[in-house]
Amino acid sequence: LEIKSGMKGSSLFFFFLQICGLALIVLGIMAQVSLHNTLRIKDVSMSGVPIVLIAVGALIFFIAFFGCCGAWKENYCMVTTFAVLLTMIIIIEIAAAIAGFVFRDKISTIVKDSLTDMIENYKNGTKEFKASVDGVQEKWKCCGVNSSSDWSYLDSDGNTVPDSCCITKTTGCGKGNMKDASKVYQKGCHDVMENFLKKNIQWVIVAAIVIALMQIMGVVFSCLLMRSIRSGYEVM
């Protein structure tokens, strides 16, 4: 009865791992959509983190399902396979964490290049493209890459910014007001967005540590199950 109870409890734990896997998939998809639809980032390396989150989440989901079935059916082979695969995922996550630590220094350059590209193509861009750029400036309450001066090319007077740069947005509010701090945001979007991304990396690291600990517990549970199942076979 004790072995049966332990296996039922382990099945619930593996089910919880599946939920963690789904959470990673959702987090990865949200990150991908946010980065490439809002910022229109073209650097494919920026997709690395969201793709890894989605891939690892999917693997955890299916492997946890495998372990859950193995625990419920008391299948030694399935539980052993689960333990081996989960250990491999932990190793992959450690490698990804190291890569992410190295990659963090590239965030500043990627954000700057993406914002510069958006601003340079704004004047001749489509209505949808302009709405995307305006949305970024309105959301982050900023103007240009480094400052409002980045919009000097927008009009022949060299003193006009998009209306999305205005503190209080009205039609034509950016005309001739580039340097007017009472009407137009003077700070650029680069520093604001870079600080936001770096701050959120800390939460990603915390989440990764928690999930890694859960996975290590999963390996431990699976080893205990393997021993219990094998003991049951020997008794039989």
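Counting side-chain heavy-atom gaps under 4.5 Å among Ile, Leu, Val, Met, Phe, Trp and Tyr, Ile91 is found in no cluster with other residues.
Here CE of Met118 is found 8.5 Å from SG of Cys189. Values are rounded to the nearest 0.5 Å. For the atom pair NZ (Lys179) and CD (Gln186), the distance works out to 6.5 Å, reported to the nearest 0.5 Å. The distance from atom CD1 of Ile216 to atom OG1 of Thr87, rounded to the nearest 0.5 Å, is 9.5 Å. The line from CE of Met193 to NZ of Lys139 is 7.0 Å long, rounded to the nearest 0.5 Å. Note: Lys183 NZ to Ser148 OG = 14.0 Å, rounded to the nearest 0.5 Å. Note that the CG atom of Asn146 and the NZ atom of Lys112 stand 5.5 Å from one another [nearest 0.5 Å].
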Stepwise, does the side chain to side chain donor-acceptor pair (under 3.5 Å) test hold for Thr160 with Asp157?
-> CA-CA 7 Å; Thr160 294; Asp157 64 6; 2.9 Å; yes

Thr116/His190 under side chain to side chain donor-acceptor pair (under 3.5 Å): CA gap, chis, key distance, verdict | CA-CA 9 Å; Thr116 300; His190 174 266; over 6 Å; no

Step-by-step side chain to side chain contact (heavy atoms under 4.5 Å, CB included) determination, Val161 to Asn177 | CA-CA 7 Å; Val161 297; Asn177 291 317; 5.9 Å; no

Can Asp163 and Lys175 be said to form a salt bridge (Lys or Arg N to Asp or Glu O under 4.0 Å), step by step?
-> CA-CA 8 Å; Asp163 293 344; Lys175 179 70 175 177; over 6 Å; no

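Closest heavy-atom contact between Leu86 and Ile63: N-CG2, 4.4 Å. Minimum heavy-atom separation, Ile119 to Asp150: CG2-O, 4.0 Å. Annotation for Phe129 and Asp117: closest pair CZ-O, 4.4 Å, computed over non-hydrogen atoms. What you find for Pro162 and Asp134 is that their closest heavy atoms are CB-OD1, 4.0 Å. Here the shortest heavy-atom pairing between Ile60 and Ile89 reads N-CD1, 4.1 Å. The two residues Cys166 and Gly174 have their closest heavy-atom pair at SG-N, 3.4 Å.
Considering only heavy atoms from C-beta on, Met88 stays 4.5 Å or farther from Leu59 through its side chain.
With sequence neighbours excluded, the residues that form a side chain to side chain contact (heavy atoms under 4.5 Å, CB included) with Ser152 are Met178.
A distance below 2.5 Å between sulfur gamma atoms is met by Cys165 and Cys143.
Trp140 and Tyr185 have their aromatic ring centers separated by at least 6.0 angstrom.
The list of ring pair (Phe, Tyr, Trp, His ring centres under 6.0 Å) pairs with a residue in residues 153-182, not counting sequence neighbours, is empty.
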